[in-house]
Amino acid sequence: MLVAATTSPAVGSFHLSRSPSSRGMPRVTMAVRSNVVSVGSILTKLQQDCATPLPVIRHVADAMTVDMRAGLAVDGGSDLKMILSYVDSLPSGNEKGLFYALDLGGTNLRALRVQLGGKEERVIATEFEQLSIPQELMFGTSEELFDFIASTLAGFAEKEGEKFHLPRGRQREIGFTFSFPVKQTSIDSGILMKWTKGFSVSGTAGRDVVACLNEAMERQGLDMRVSALVNDTVGTLAGARYWDDDVMVAVILGTGTNACYVERTDSIPKLQGSKSSSGRTIINTEWGAFSNGIPLTVFDRDMDAASINPGEQIFEKTISGMYLGEIARRALLTMAEEGSLFGMSVPKKLSTPFALRTPDICAMQLDISDDLQAVGSILHNVAGVESSLSARRTVLGVCDAIVKRGGRLAGAGIVGILQKMEEDSKGVIFNKRTVVAMDGGLYEHYPQYRRYLQDAVNELLGLEISKNIVIEHSKDGSGIGAALLAATNSKYDHDF
Ligand code: ADP
Ligand code: MG
């Protein structure tokens, strides 16, 4: 930890070193006047480096389209894996019966059950439970993680009340939402390619995650069956489509980010042989791995270098909830170290990776008071500093630059997907109502981020077309969606 040696402002204005390589060495900080200049110049540089004017987001949207095509042509053809979901038919509304869903996100584990009543009754009853994933399990063994999932499910299943009915002799079926890159091998099996979002669990990569869950359920003595393995985006698309036939794309903006969409099978060169009867299938883009033309700052590069997956998931690292707060913290730490943003010493708390969370920067941006009191108290809690009004304004400038880039790039990504679909089926996307279903804690809770996202979409598509594109929150769609896909892929006879 750097401890800045302080000089009295009266002594004069000088500065021994600004280079990051001098970290850890005692140094003399600057006097007030040059501090202001320094903090201001760091902010200006940050704003320039992460600026997303129209040509930049246009490039990102176009590059997204190009990368999608390359990933559809051949496996490994692009940063975007364009994974086949094996979901060829979406829920119709006729689904009936009791189904479970399990959702392993980047932060939370959710279990859900739903009693479906068909077209007339729709969702008769639903119940869910949510737990945060204990930190140590993110770095433990595969068995430990899946035992935790299975025991959570067992505890939840035990509490099944009278509103839920399973016909005699049937096993309870689960839609398993697994929000990490999986190479799907069928609707109910898939190999984990790699962990993301800070997870580093040993012994899962290269294994079928459904087999991992089945083994853990056996260890628990739990008699349930996974009938659909779904990505969270695919679950969201299915859940939203259940209510609205115009849903064509789903995007998750939570701890991490991803998107999926309805693709024509004749637009998927790498799909040989097994064409679906509907002529459509859902493609999971795994767009978090996209990287082409993203404006990056020194703080992004440093955060990436310190991450467990350097050089990977660059789009995810610039737009998703796990990272926005951390990029801001790194910028503020540099401002504190090099420009004495919070006075002459550098607050220790501010040096702790991930101490500033995205919900914190969201709460700060919501502060519209004259003296930015909420900003001050969050900075106090998170960084242990007393801040001047001008420091608070600077902090908001940092947050805004990072959130603006995140929201606008996410919007550009959405346009990239829509324009790819439109190119292949003229008029089908842009000339009619098309819905993009959104979910995830970041999208749900961050109004400023949502506004920036929508602005970018409007700028890129123009007023006429963007009127047809409805970007809307699909609350908890992914849980119900996974249960619906479990129903569609049930091993028992059904007439829906
Ligand atoms: P998961 O990614 O585990 O599926 P969520 O979709 O609920 O979980 O997303 C959780 C993430 O959403 C958090 O990591 C955080 O980055 C972001 N988030 C949660 N609440 C807020 C908030 N109030 N403001 C901004 N971001 C938030
Ligand atoms: Mg999730």
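Atoms within a ligand are numbered from 1 in the order they appear, just like the ligands themselves. None of the values given here were measured: they were computed from a predicted structure. These values consider heavy atoms only, across backbone and side chains, with no hydrogens, waters or symmetry-generated copies.
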**Q** Nearest to atom 14 (O) of ligand 1, what protein heavy atom do you find, and at what distance?
**A**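 Here the nearest protein heavy atom works out to Thr255 OG1, 3.4 Å.
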
**Q** Taking the side chain as every heavy atom from C-beta outward, state whether Ile282 and Arg241 have any atom pair closer than 4.5 Å.
**A**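 Not in contact.
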
**Q** So which bit of Cys362 gets within less than 4.0 Å of ligand 1, heavy atoms only: side chain, backbone, both or neither?
**A**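 Side chain only.
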
**Q** For ligand 1, which atoms have a heavy atom of Gly321 less than 4.0 angstrom away?
**A**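 So the atoms of ligand 1 that pass are 16 (O).
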
**Q** Among all the protein's non-hydrogen atoms, which is closest to atom 6 (O) of ligand 1, and how far away is it?
**A**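 It is Gly441 N, 2.9 Å.
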
**Q** Which residue, Lys159, Arg110, Arg113, forms the salt bridge (Lys or Arg N to Asp or Glu O under 4.0 Å) with Glu127?
**A**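 With Glu127 as partner, Lys159, Arg110, Arg113 yield a single salt bridge (Lys or Arg N to Asp or Glu O under 4.0 Å), made by Arg113.
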
**Q** For atom 22 (C) of ligand 1, find the nearest protein heavy atom and state the residue, atom name and distance (0.1 Å precision).
**A**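 So the nearest neighbour among protein heavy atoms is His445 CB, 3.3 Å.
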
**Q** Between ligand 1 and Gly105, is the shortest N or O to N or O distance under 3.5 Å?
**A**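 No - when backbone and side-chain N and O of Gly105 are compared with those of ligand 1, no distance drops under 3.5 Å.
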
**Q** Mind checking whether Arg110 contacts ligand 1 via backbone (N, CA, C, O), side chain (CB onward), both or neither, at a 4.0 Å heavy-atom cut-off?
**A**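 Within the 4.0 Å criterion, Arg110 contacts ligand 1 through side-chain atoms alone.
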
**Q** Would you indicate whether the side-chain heavy atoms of Thr236 and Cys260 approach each other to under 4.5 Å?
**A**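 With C-beta onward as the side chain, the pair stays apart.
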
**Q** When you measure from the side chain of Thr152 to the backbone N and O of Phe148, does any donor-acceptor pair fall under 3.5 Å?
**A**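 Yes, because the side chain of Thr152 sits within donor-acceptor range (under 3.5 Å) of the backbone of Phe148.
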
**Q** Please could you name the atoms of ligand 1 that Tyr446 approaches to less than 4.0 Å, counting only its heavy atoms?
**A**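 Answer for ligand 1: 25 (C).
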
**Q** Polar-atom distance check: Thr358 versus ligand 1, any N or O pair below 3.5 Å?
**A**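 Such a contact does not occur with ligand 1.
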
**Q** Relative to the heavy atoms of Asn108, which atoms of ligand 1 are at a distance of less than 4.0 Å?
**A**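 Near Asn108, meaning under 4.0 Å from one of its heavy atoms, ligand 1 has 3 (O), 7 (O), 8 (O).
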
**Q** Considering only heavy atoms of Gly440, which atoms of ligand 1 have at least one such atom less than 4.0 Å away?
**A**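 In order of number, 6 (O).
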
**Q** Salt bridge or not between Lys475 and Glu444? Use side-chain N to carboxylate O under 4.0 Å.
**A**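 Glu444 and Lys475: salt-bridged.
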
**Q** For residues Val436 and Val251, determine if any side-chain heavy atom of one lies less than 4.5 Å from a side-chain heavy atom of the other.
**A**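 Yes. Closest side-chain heavy atoms under 4.5 Å.
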
**Q** Can we say Arg225 and Asp188 salt-bridge, meaning some charged N sits less than 4.0 Å from an Asp/Glu carboxylate O?
**A**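 So Arg225 pairs with Asp188 through a salt bridge.
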
**Q** Identify which one of Asn231, Asp232, Thr196 satisfies the side chain to side chain donor-acceptor pair (under 3.5 Å) criterion when paired with Asn258.
**A**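 Output: one option passes, namely Asn231.
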
